[in-house]
Amino acid sequence: MTDLQSAPAPKWATEFDHTSDAYAAVATEVWDELRETCPVAHSEAHGGVWLPTRHEDIAAIARDTENFSSEGVIVNIFKPEGLAPMGYAPPITSDPPFHADARRLLLPAFGPKAIASLEDGARDMCRELLDELLVPGVDVVDAATAYAQHIPVRVIAAMLGLPKEDGDRFRLFIHRIIEKPGEYVGTLEPEDTLLYYLTKHIQRRRNEPEQDDLIGYLLATEVEGEPLSDEQLFGTIALLIIAGIDTTWSAIGASLWHLAQSPEDRERLATDPAVLPLAIEEFLRFYAPVTMARIAATDTDIGGCPVAKRDWVLLPFPAANRDPEAFEQADEFVIDREKNRHVAFGLGIHRCIGSNLARLELTVAVDEWMKRVPDFELAAPEAVRWSTGQVRGPRELPIRILRSVDA
Amino acid sequence: MRITFDRDKCQGHGRCYALAPDLFDSDDEGYAVLLVEAADGTVPPGQEGAATLAADNCPEYAITVHDAS
(Lines give C-alpha, C1' and ligand atoms only; values in the text may rest on other atoms or scores of the structure.)
Protein backbone atom coordinates (compact mmCIF):
# COMPACT_ATOMS: atom_id res chain seq x y z
CA MET A 1 0.00 0.00 0.00
CA THR A 2 1.49 3.28 -1.02
CA ASP A 3 -1.63 5.35 -0.48
CA LEU A 4 -1.52 6.35 3.18
CA GLN A 5 -5.02 7.79 2.96
CA SER A 6 -6.70 4.48 2.15
CA ALA A 7 -8.38 2.56 4.94
CA PRO A 8 -6.46 -0.47 6.23
CA ALA A 9 -7.64 -3.76 4.77
CA PRO A 10 -10.00 -5.62 7.12
CA LYS A 11 -8.60 -8.60 9.00
CA TRP A 12 -10.24 -11.08 6.68
CA ALA A 13 -10.14 -14.01 9.10
CA THR A 14 -12.35 -12.17 11.61
CA GLU A 15 -13.83 -9.07 9.97
CA PHE A 16 -15.06 -10.04 6.50
CA ASP A 17 -18.40 -8.78 5.24
CA HIS A 18 -19.27 -10.53 1.98
CA THR A 19 -21.81 -7.80 1.15
CA SER A 20 -19.20 -5.02 1.22
CA ASP A 21 -17.51 -3.47 -1.81
CA ALA A 22 -14.12 -4.01 -0.12
CA TYR A 23 -14.67 -7.78 -0.06
CA ALA A 24 -16.19 -7.87 -3.55
CA ALA A 25 -13.14 -6.15 -5.04
CA VAL A 26 -10.69 -8.78 -3.78
CA ALA A 27 -12.79 -11.85 -2.93
CA THR A 28 -10.62 -14.36 -4.77
CA GLU A 29 -7.49 -13.12 -2.96
CA VAL A 30 -9.36 -13.31 0.36
CA TRP A 31 -10.28 -16.97 -0.22
CA ASP A 32 -6.73 -17.87 -1.22
CA GLU A 33 -5.28 -16.11 1.82
CA LEU A 34 -7.77 -17.66 4.24
CA ARG A 35 -7.32 -21.16 2.82
CA GLU A 36 -3.64 -20.89 3.73
CA THR A 37 -3.95 -19.10 7.07
CA CYS A 38 -7.42 -19.66 8.55
CA PRO A 39 -9.44 -22.08 6.43
CA VAL A 40 -12.63 -21.69 8.46
CA ALA A 41 -13.01 -17.97 9.09
CA HIS A 42 -15.65 -16.26 11.23
CA SER A 43 -17.03 -12.74 11.25
CA GLU A 44 -19.58 -10.97 13.45
CA ALA A 45 -21.18 -9.39 10.36
CA HIS A 46 -24.86 -10.20 9.78
CA GLY A 47 -25.24 -11.61 13.27
CA GLY A 48 -22.27 -13.94 12.91
CA VAL A 49 -21.23 -16.06 9.94
CA TRP A 50 -18.68 -18.78 9.14
CA LEU A 51 -16.64 -18.88 5.92
CA PRO A 52 -14.97 -22.19 5.03
CA THR A 53 -12.59 -21.96 2.05
CA ARG A 54 -11.31 -25.52 1.51
CA HIS A 55 -12.94 -27.70 -1.14
CA GLU A 56 -13.07 -30.61 1.32
CA ASP A 57 -15.00 -28.67 3.98
CA ILE A 58 -17.37 -27.00 1.50
CA ALA A 59 -18.17 -30.36 -0.12
CA ALA A 60 -18.76 -32.00 3.26
CA ILE A 61 -21.24 -29.28 4.33
CA ALA A 62 -23.08 -29.36 0.99
CA ARG A 63 -23.62 -33.11 1.41
CA ASP A 64 -24.49 -33.01 5.11
CA THR A 65 -28.16 -32.10 5.22
CA GLU A 66 -28.55 -33.46 8.75
CA ASN A 67 -26.22 -30.98 10.41
CA PHE A 68 -26.66 -28.10 7.97
CA SER A 69 -30.16 -26.90 7.05
CA SER A 70 -31.14 -24.99 3.92
CA GLU A 71 -33.86 -23.11 5.81
CA GLY A 72 -31.77 -20.01 5.14
CA VAL A 73 -29.57 -19.73 2.03
CA ILE A 74 -28.89 -15.99 1.87
CA VAL A 75 -26.96 -14.72 4.89
CA ASN A 76 -28.55 -11.65 6.45
CA ILE A 77 -29.52 -10.31 9.85
CA PHE A 78 -33.03 -11.75 9.49
CA LYS A 79 -32.41 -15.46 10.00
CA PRO A 80 -35.34 -17.65 8.94
CA GLU A 81 -36.76 -19.78 11.73
CA GLY A 82 -39.59 -22.29 11.83
CA LEU A 83 -39.87 -22.54 8.03
CA ALA A 84 -38.24 -25.97 7.62
CA PRO A 85 -38.65 -28.36 5.92
CA MET A 86 -40.15 -26.36 2.98
CA GLY A 87 -38.55 -22.95 3.52
CA TYR A 88 -39.59 -19.80 1.71
CA ALA A 89 -38.36 -20.75 -1.78
CA PRO A 90 -38.66 -24.51 -2.36
CA PRO A 91 -36.74 -26.59 -3.21
CA ILE A 92 -33.57 -24.53 -2.63
CA THR A 93 -34.64 -23.71 0.93
CA SER A 94 -36.06 -27.17 1.64
CA ASP A 95 -34.64 -29.95 3.75
CA PRO A 96 -35.26 -33.67 3.40
CA PRO A 97 -37.71 -35.29 3.16
CA PHE A 98 -39.81 -32.42 1.71
CA HIS A 99 -36.99 -31.44 -0.65
CA ALA A 100 -37.06 -34.47 -2.96
CA ASP A 101 -40.67 -34.09 -4.12
CA ALA A 102 -40.42 -30.31 -4.47
CA ARG A 103 -37.35 -30.76 -6.65
CA ARG A 104 -38.77 -33.62 -8.70
CA LEU A 105 -41.63 -31.33 -9.78
CA LEU A 106 -39.14 -29.07 -11.53
CA LEU A 107 -36.55 -31.53 -12.84
CA PRO A 108 -38.21 -32.46 -16.16
CA ALA A 109 -38.57 -28.79 -17.18
CA PHE A 110 -34.85 -28.25 -16.56
CA GLY A 111 -33.60 -31.60 -17.87
CA PRO A 112 -31.08 -31.69 -20.70
CA LYS A 113 -33.55 -32.46 -23.47
CA ALA A 114 -36.09 -29.80 -22.46
CA ILE A 115 -33.35 -27.19 -22.19
CA ALA A 116 -31.67 -28.14 -25.48
CA SER A 117 -34.91 -27.19 -27.25
CA LEU A 118 -34.40 -23.57 -26.08
CA GLU A 119 -31.07 -23.13 -27.89
CA ASP A 120 -32.34 -21.52 -31.10
CA GLY A 121 -34.44 -19.01 -29.20
CA ALA A 122 -31.56 -18.14 -26.89
CA ARG A 123 -29.23 -17.61 -29.86
CA ASP A 124 -31.77 -15.31 -31.49
CA MET A 125 -31.97 -13.25 -28.30
CA CYS A 126 -28.18 -12.86 -28.23
CA ARG A 127 -28.10 -11.85 -31.89
CA GLU A 128 -30.83 -9.27 -31.36
CA LEU A 129 -28.91 -7.77 -28.45
CA LEU A 130 -25.72 -7.66 -30.51
CA ASP A 131 -27.57 -6.00 -33.39
CA GLU A 132 -28.69 -3.29 -30.97
CA LEU A 133 -25.18 -2.92 -29.52
CA LEU A 134 -23.11 -2.87 -32.66
CA VAL A 135 -23.98 0.39 -34.31
CA PRO A 136 -21.65 2.53 -36.42
CA GLY A 137 -19.69 5.10 -34.43
CA VAL A 138 -20.00 3.30 -31.07
CA ASP A 139 -16.79 1.60 -29.99
CA VAL A 140 -17.33 1.30 -26.23
CA VAL A 141 -20.25 -0.72 -24.87
CA ASP A 142 -21.12 -2.01 -21.41
CA ALA A 143 -21.11 -5.79 -21.83
CA ALA A 144 -22.78 -6.26 -18.42
CA THR A 145 -25.67 -3.81 -18.67
CA ALA A 146 -26.24 -3.88 -22.43
CA TYR A 147 -25.64 -7.58 -23.10
CA ALA A 148 -25.08 -10.10 -20.30
CA GLN A 149 -27.86 -9.03 -17.97
CA HIS A 150 -30.60 -9.22 -20.60
CA ILE A 151 -30.04 -12.80 -21.72
CA PRO A 152 -31.17 -14.75 -18.63
CA VAL A 153 -34.00 -12.28 -17.96
CA ARG A 154 -35.49 -12.87 -21.38
CA VAL A 155 -35.01 -16.63 -21.24
CA ILE A 156 -36.55 -17.10 -17.79
CA ALA A 157 -39.41 -14.68 -18.47
CA ALA A 158 -40.28 -16.71 -21.57
CA MET A 159 -40.06 -20.01 -19.66
CA LEU A 160 -42.29 -18.75 -16.85
CA GLY A 161 -44.70 -16.82 -19.05
CA LEU A 162 -43.95 -13.38 -17.58
CA PRO A 163 -43.46 -10.19 -19.63
CA LYS A 164 -39.85 -9.80 -20.76
CA GLU A 165 -40.27 -6.05 -20.26
CA ASP A 166 -40.28 -6.76 -16.51
CA GLY A 167 -36.52 -7.36 -16.57
CA ASP A 168 -35.73 -4.13 -14.71
CA ARG A 169 -38.13 -5.13 -11.97
CA PHE A 170 -36.57 -8.62 -11.70
CA ARG A 171 -33.14 -7.05 -11.34
CA LEU A 172 -34.42 -4.74 -8.58
CA PHE A 173 -35.82 -7.73 -6.65
CA ILE A 174 -32.49 -9.49 -7.06
CA HIS A 175 -30.50 -6.46 -5.91
CA ARG A 176 -32.56 -6.26 -2.74
CA ILE A 177 -32.69 -9.97 -1.99
CA ILE A 178 -29.20 -11.11 -3.00
CA GLU A 179 -26.87 -8.13 -3.33
CA LYS A 180 -27.98 -6.20 -0.25
CA PRO A 181 -29.93 -8.74 1.81
CA GLY A 182 -31.80 -7.31 4.78
CA GLU A 183 -31.06 -3.67 3.98
CA TYR A 184 -34.44 -2.89 2.49
CA VAL A 185 -36.60 -4.70 5.04
CA GLY A 186 -39.29 -2.33 6.29
CA THR A 187 -38.52 0.41 3.77
CA LEU A 188 -40.60 -0.74 0.80
CA GLU A 189 -44.10 0.08 -0.32
CA PRO A 190 -46.14 -3.13 -0.62
CA GLU A 191 -46.54 -2.60 -4.39
CA ASP A 192 -42.76 -2.63 -4.80
CA THR A 193 -42.30 -6.13 -3.40
CA LEU A 194 -41.77 -9.43 -5.15
CA LEU A 195 -44.75 -10.85 -3.23
CA TYR A 196 -47.04 -8.19 -4.69
CA TYR A 197 -45.71 -8.83 -8.19
CA LEU A 198 -46.21 -12.59 -7.88
CA THR A 199 -49.69 -12.22 -6.38
CA LYS A 200 -50.77 -10.00 -9.26
CA HIS A 201 -49.51 -12.35 -11.95
CA ILE A 202 -50.67 -15.57 -10.31
CA GLN A 203 -54.15 -14.13 -9.81
CA ARG A 204 -54.24 -13.07 -13.44
CA ARG A 205 -53.10 -16.50 -14.59
CA ARG A 206 -55.70 -18.28 -12.49
CA ASN A 207 -58.38 -16.38 -14.39
CA GLU A 208 -56.94 -17.14 -17.82
CA PRO A 209 -56.99 -20.36 -19.85
CA GLU A 210 -54.12 -22.72 -19.03
CA GLN A 211 -50.91 -21.89 -20.87
CA ASP A 212 -47.98 -24.07 -21.79
CA ASP A 213 -45.30 -22.47 -19.64
CA LEU A 214 -43.82 -23.08 -16.20
CA ILE A 215 -46.38 -21.02 -14.28
CA GLY A 216 -49.14 -22.88 -16.15
CA TYR A 217 -47.49 -26.17 -15.29
CA LEU A 218 -47.17 -25.32 -11.59
CA LEU A 219 -50.77 -24.05 -11.41
CA ALA A 220 -52.00 -27.32 -12.95
CA THR A 221 -49.75 -29.58 -10.87
CA GLU A 222 -51.38 -31.78 -8.30
CA VAL A 223 -49.62 -33.78 -5.62
CA GLU A 224 -51.73 -36.64 -4.30
CA GLY A 225 -54.84 -35.03 -5.78
CA GLU A 226 -54.22 -31.60 -4.25
CA PRO A 227 -52.90 -28.48 -5.97
CA LEU A 228 -49.69 -26.98 -4.61
CA SER A 229 -50.13 -24.81 -1.53
CA ASP A 230 -49.87 -21.07 -2.15
CA GLU A 231 -46.68 -21.05 -0.09
CA GLN A 232 -45.07 -23.66 -2.34
CA LEU A 233 -46.41 -22.11 -5.55
CA PHE A 234 -45.30 -18.56 -4.71
CA GLY A 235 -41.99 -19.72 -3.24
CA THR A 236 -41.11 -21.85 -6.24
CA ILE A 237 -41.93 -19.13 -8.79
CA ALA A 238 -39.99 -16.59 -6.70
CA LEU A 239 -37.02 -18.95 -6.74
CA LEU A 240 -37.19 -19.34 -10.52
CA ILE A 241 -37.19 -15.55 -10.96
CA ILE A 242 -34.41 -14.91 -8.45
CA ALA A 243 -32.04 -17.82 -8.94
CA GLY A 244 -31.65 -17.95 -12.71
CA ILE A 245 -30.89 -14.35 -13.55
CA ASP A 246 -27.98 -12.62 -11.83
CA THR A 247 -26.19 -15.95 -11.50
CA THR A 248 -26.03 -16.55 -15.26
CA TRP A 249 -25.54 -12.90 -16.07
CA SER A 250 -22.55 -12.93 -13.70
CA ALA A 251 -21.04 -15.94 -15.44
CA ILE A 252 -21.49 -14.37 -18.88
CA GLY A 253 -20.02 -11.05 -17.71
CA ALA A 254 -17.06 -12.66 -15.97
CA SER A 255 -16.30 -14.76 -19.05
CA LEU A 256 -16.28 -11.69 -21.29
CA TRP A 257 -14.17 -9.83 -18.69
CA HIS A 258 -11.65 -12.67 -18.92
CA LEU A 259 -11.65 -12.79 -22.71
CA ALA A 260 -11.25 -9.00 -22.92
CA GLN A 261 -7.89 -9.45 -21.19
CA SER A 262 -6.70 -12.61 -22.91
CA PRO A 263 -5.86 -12.33 -26.62
CA GLU A 264 -4.55 -15.92 -26.49
CA ASP A 265 -7.87 -17.34 -25.28
CA ARG A 266 -9.82 -15.24 -27.82
CA GLU A 267 -7.57 -16.58 -30.56
CA ARG A 268 -8.01 -20.16 -29.33
CA LEU A 269 -11.81 -19.88 -29.35
CA ALA A 270 -11.74 -18.36 -32.84
CA THR A 271 -9.44 -20.97 -34.36
CA ASP A 272 -10.52 -24.08 -32.43
CA PRO A 273 -14.32 -24.09 -31.95
CA ALA A 274 -14.13 -27.59 -30.41
CA VAL A 275 -12.53 -26.06 -27.32
CA LEU A 276 -15.69 -24.10 -26.46
CA PRO A 277 -17.32 -26.77 -24.21
CA LEU A 278 -14.10 -27.13 -22.21
CA ALA A 279 -13.72 -23.36 -22.04
CA ILE A 280 -17.26 -23.01 -20.70
CA GLU A 281 -16.49 -25.41 -17.86
CA GLU A 282 -13.28 -23.54 -17.08
CA PHE A 283 -15.17 -20.22 -17.02
CA LEU A 284 -17.57 -21.88 -14.59
CA ARG A 285 -14.73 -23.15 -12.41
CA PHE A 286 -12.63 -20.02 -12.39
CA TYR A 287 -15.47 -17.49 -12.21
CA ALA A 288 -18.13 -19.51 -10.38
CA PRO A 289 -20.66 -16.87 -9.39
CA VAL A 290 -22.59 -18.51 -6.59
CA THR A 291 -21.89 -18.78 -2.88
CA MET A 292 -24.69 -20.56 -1.04
CA ALA A 293 -25.38 -20.64 2.69
CA ARG A 294 -26.70 -22.96 5.35
CA ILE A 295 -27.87 -22.66 8.95
CA ALA A 296 -26.31 -25.17 11.33
CA ALA A 297 -29.07 -27.55 12.41
CA THR A 298 -27.10 -28.94 15.34
CA ASP A 299 -24.02 -28.11 17.36
CA THR A 300 -21.54 -29.45 14.86
CA ASP A 301 -18.17 -28.70 13.32
CA ILE A 302 -16.51 -27.73 10.06
CA GLY A 303 -13.20 -29.51 9.56
CA GLY A 304 -12.80 -29.70 13.35
CA CYS A 305 -13.86 -26.10 13.99
CA PRO A 306 -16.87 -26.04 16.36
CA VAL A 307 -20.02 -24.40 15.02
CA ALA A 308 -23.11 -23.73 17.14
CA LYS A 309 -26.65 -24.69 16.21
CA ARG A 310 -28.35 -21.86 14.25
CA ASP A 311 -25.05 -20.28 13.12
CA TRP A 312 -24.92 -19.02 9.54
CA VAL A 313 -22.41 -20.78 7.28
CA LEU A 314 -21.41 -19.48 3.85
CA LEU A 315 -20.66 -22.09 1.17
CA PRO A 316 -18.30 -20.32 -1.25
CA PHE A 317 -18.23 -22.75 -4.17
CA PRO A 318 -15.93 -20.33 -6.05
CA ALA A 319 -13.37 -20.75 -3.24
CA ALA A 320 -13.64 -24.55 -3.48
CA ASN A 321 -12.98 -24.27 -7.22
CA ARG A 322 -9.61 -22.59 -6.57
CA ASP A 323 -8.36 -24.99 -3.92
CA PRO A 324 -4.99 -26.42 -5.03
CA GLU A 325 -5.78 -29.60 -3.06
CA ALA A 326 -8.66 -30.25 -5.48
CA PHE A 327 -7.39 -28.83 -8.80
CA GLU A 328 -4.06 -28.85 -10.58
CA GLN A 329 -2.88 -25.33 -11.41
CA ALA A 330 -5.89 -24.15 -9.42
CA ASP A 331 -4.98 -20.47 -9.73
CA GLU A 332 -4.55 -20.59 -13.52
CA PHE A 333 -7.25 -20.35 -16.17
CA VAL A 334 -6.61 -23.33 -18.45
CA ILE A 335 -8.97 -22.99 -21.39
CA ASP A 336 -8.74 -26.68 -22.40
CA ARG A 337 -8.68 -28.18 -18.91
CA GLU A 338 -9.77 -31.80 -19.38
CA LYS A 339 -10.10 -32.85 -15.75
CA ASN A 340 -12.54 -30.42 -14.23
CA ARG A 341 -14.74 -31.53 -11.36
CA HIS A 342 -15.69 -27.94 -10.56
CA VAL A 343 -18.52 -27.27 -8.15
CA ALA A 344 -19.91 -24.06 -9.66
CA PHE A 345 -23.38 -25.58 -9.44
CA GLY A 346 -22.88 -26.95 -5.95
CA LEU A 347 -22.85 -30.53 -4.77
CA GLY A 348 -25.27 -32.98 -3.26
CA ILE A 349 -29.05 -32.87 -3.30
CA HIS A 350 -29.21 -29.11 -3.89
CA ARG A 351 -27.13 -29.18 -7.10
CA CYS A 352 -28.34 -26.19 -9.15
CA ILE A 353 -31.50 -27.34 -10.90
CA GLY A 354 -30.91 -24.77 -13.64
CA SER A 355 -27.41 -25.93 -14.52
CA ASN A 356 -28.35 -27.13 -18.01
CA LEU A 357 -30.05 -23.82 -18.71
CA ALA A 358 -27.14 -21.82 -17.31
CA ARG A 359 -24.65 -23.76 -19.46
CA LEU A 360 -26.79 -23.22 -22.54
CA GLU A 361 -27.09 -19.47 -21.94
CA LEU A 362 -23.40 -19.06 -21.15
CA THR A 363 -22.41 -21.08 -24.21
CA VAL A 364 -24.58 -19.22 -26.70
CA ALA A 365 -23.82 -15.83 -25.13
CA VAL A 366 -20.05 -16.32 -25.45
CA ASP A 367 -20.30 -18.02 -28.84
CA GLU A 368 -22.52 -15.36 -30.43
CA TRP A 369 -20.44 -12.55 -28.91
CA MET A 370 -17.20 -14.03 -30.25
CA LYS A 371 -18.67 -14.46 -33.73
CA ARG A 372 -19.62 -10.79 -33.90
CA VAL A 373 -16.90 -9.28 -31.70
CA PRO A 374 -13.77 -11.40 -32.09
CA ASP A 375 -11.46 -8.69 -30.72
CA PHE A 376 -12.11 -6.49 -27.71
CA GLU A 377 -10.49 -5.14 -24.55
CA LEU A 378 -11.45 -3.51 -21.26
CA ALA A 379 -12.15 0.14 -22.05
CA ALA A 380 -11.47 1.22 -18.47
CA PRO A 381 -10.25 -1.54 -16.12
CA GLU A 382 -10.83 0.66 -13.07
CA ALA A 383 -14.47 1.19 -14.03
CA VAL A 384 -15.31 -2.50 -13.78
CA ARG A 385 -17.52 -3.01 -10.71
CA TRP A 386 -18.09 -6.42 -9.13
CA SER A 387 -21.34 -7.27 -7.38
CA THR A 388 -21.55 -7.68 -3.62
CA GLY A 389 -23.18 -10.54 -1.75
CA GLN A 390 -23.45 -14.20 -2.62
CA VAL A 391 -23.52 -13.87 -6.41
CA ARG A 392 -20.28 -12.63 -7.93
CA GLY A 393 -19.91 -11.04 -11.33
CA PRO A 394 -19.19 -7.73 -13.05
CA ARG A 395 -22.10 -5.30 -12.86
CA GLU A 396 -20.38 -2.62 -14.94
CA LEU A 397 -18.08 -3.80 -17.71
CA PRO A 398 -17.08 -1.18 -20.29
CA ILE A 399 -15.63 -2.94 -23.32
CA ARG A 400 -13.84 -1.36 -26.27
CA ILE A 401 -14.63 -3.15 -29.51
CA LEU A 402 -11.44 -3.54 -31.54
CA ARG A 403 -12.98 -5.49 -34.39
CA SER A 404 -16.53 -6.50 -35.16
CA VAL A 405 -18.04 -8.63 -37.88
CA ASP A 406 -21.30 -7.89 -39.71
CA ALA A 407 -24.11 -10.31 -39.07
CA MET B 1 -11.29 -51.11 -19.38
CA ARG B 2 -14.47 -51.25 -17.29
CA ILE B 3 -16.59 -48.38 -16.05
CA THR B 4 -18.88 -48.37 -13.02
CA PHE B 5 -21.47 -45.83 -12.01
CA ASP B 6 -22.97 -45.25 -8.56
CA ARG B 7 -26.52 -44.00 -9.14
CA ASP B 8 -26.90 -43.09 -5.46
CA LYS B 9 -24.14 -40.51 -5.77
CA CYS B 10 -25.42 -39.01 -9.05
CA GLN B 11 -27.04 -35.58 -8.65
CA GLY B 12 -27.68 -34.94 -12.32
CA HIS B 13 -24.79 -32.59 -13.10
CA GLY B 14 -24.87 -34.02 -16.62
CA ARG B 15 -21.16 -33.92 -17.34
CA CYS B 16 -20.89 -37.62 -18.25
CA TYR B 17 -23.55 -37.75 -20.94
CA ALA B 18 -22.23 -34.53 -22.45
CA LEU B 19 -18.66 -35.84 -22.58
CA ALA B 20 -19.34 -39.54 -23.23
CA PRO B 21 -22.67 -39.77 -25.06
CA ASP B 22 -21.98 -43.32 -26.21
CA LEU B 23 -21.52 -44.48 -22.63
CA PHE B 24 -24.10 -42.40 -20.75
CA ASP B 25 -27.57 -41.05 -21.37
CA SER B 26 -29.87 -39.03 -19.14
CA ASP B 27 -33.25 -40.00 -17.76
CA ASP B 28 -36.15 -37.53 -17.90
CA GLU B 29 -35.00 -35.91 -14.66
CA GLY B 30 -31.41 -35.44 -15.80
CA TYR B 31 -29.82 -38.24 -13.80
CA ALA B 32 -27.28 -40.36 -15.65
CA VAL B 33 -27.90 -43.81 -17.08
CA LEU B 34 -24.90 -46.02 -17.85
CA LEU B 35 -25.49 -47.52 -21.27
CA VAL B 36 -22.95 -50.32 -20.99
CA GLU B 37 -24.39 -51.73 -17.76
CA ALA B 38 -25.62 -54.83 -19.63
CA ALA B 39 -22.10 -55.43 -20.92
CA ASP B 40 -20.88 -55.54 -17.32
CA GLY B 41 -19.45 -52.05 -17.72
CA THR B 42 -16.97 -53.10 -20.38
CA VAL B 43 -15.94 -49.99 -22.30
CA PRO B 44 -16.20 -50.58 -26.08
CA PRO B 45 -12.99 -50.16 -28.08
CA GLY B 46 -12.33 -46.52 -28.90
CA GLN B 47 -14.38 -45.23 -25.96
CA GLU B 48 -11.61 -45.35 -23.38
CA GLY B 49 -10.88 -41.64 -23.63
CA ALA B 50 -14.53 -40.73 -23.26
CA ALA B 51 -14.85 -43.02 -20.24
CA THR B 52 -11.89 -41.36 -18.55
CA LEU B 53 -13.26 -37.89 -19.30
CA ALA B 54 -16.64 -38.81 -17.81
CA ALA B 55 -15.02 -40.07 -14.62
CA ASP B 56 -12.63 -37.10 -14.35
CA ASN B 57 -15.40 -34.54 -14.64
CA CYS B 58 -18.01 -35.95 -12.27
CA PRO B 59 -18.22 -33.54 -9.33
CA GLU B 60 -19.84 -36.23 -7.17
CA TYR B 61 -17.22 -38.93 -7.83
CA ALA B 62 -20.03 -41.23 -9.00
CA ILE B 63 -18.04 -42.75 -11.90
CA THR B 64 -15.00 -44.99 -11.69
CA VAL B 65 -12.92 -46.47 -14.49
CA HIS B 66 -11.04 -49.67 -13.88
CA ASP B 67 -8.06 -50.17 -16.14
CA ALA B 68 -7.50 -53.70 -17.31
CA SER B 69 -4.12 -54.67 -15.98
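The model shown is predicted, which means the values in this text are computed figures rather than measured ones. Letters A, B, ... mirror the listed sequences (proteins, then strands); counts begin at 1.
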Atom [atom1] in [X], atom [atom2] in [Y]: separation rounded to 0.5 Å?
X	Y	atom1	atom2	value
A:Arg103	B:Glu29	CZ	CD	9.5 Å
A:Leu278	B:Asn57	CG	CG	8.0 Å
B:Gln11	A:Ile349	CD	CD1	7.5 Å

### Query
At a heavy-atom separation under 4.5 Å, does A:Lys339 approach chain B through its side chain, its backbone, both, or neither?
both

Contact origin within [X] toward chain A - heavy atom pairs under 4.5 Å:
X	result
B:Asp28	backbone
B:Ala55	backbone
B:Tyr61	both

### Message
Show the nearest heavy-atom pair for residues B:Leu53 and A:Glu338, with the distance to one decimal.
### Response
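Reported closest heavy-atom pair: CD2-O, 3.4 Å.
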
Residue among [options] with most heavy-atom pairs under 4.5 Å to chain B:
options	value
A:Ala326, A:Pro112, A:Ser355	A:Pro112
A:Pro108, A:Gly111, A:Gly348	A:Gly348
A:Arg351, A:His342, A:Arg337	A:Arg351

### Query
Is any side-chain heavy atom of B:Lys9 less than 4.5 Å from a side-chain heavy atom of A:Arg63?
no

#### Entry: CA sep, side-chain torsions, deciding dist, call: B:His13, A:Arg341, side-chain contact (heavy atoms from CB on, under 4.5 Å)
CA-CA 10 Å; B:His13 291 262; A:Arg341 296 180 203 266; over 6 Å; no

### A:Glu222 atom CD, over 12 foreign heavy atoms within 6.0 Å
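Correct, the count exceeds 12.
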
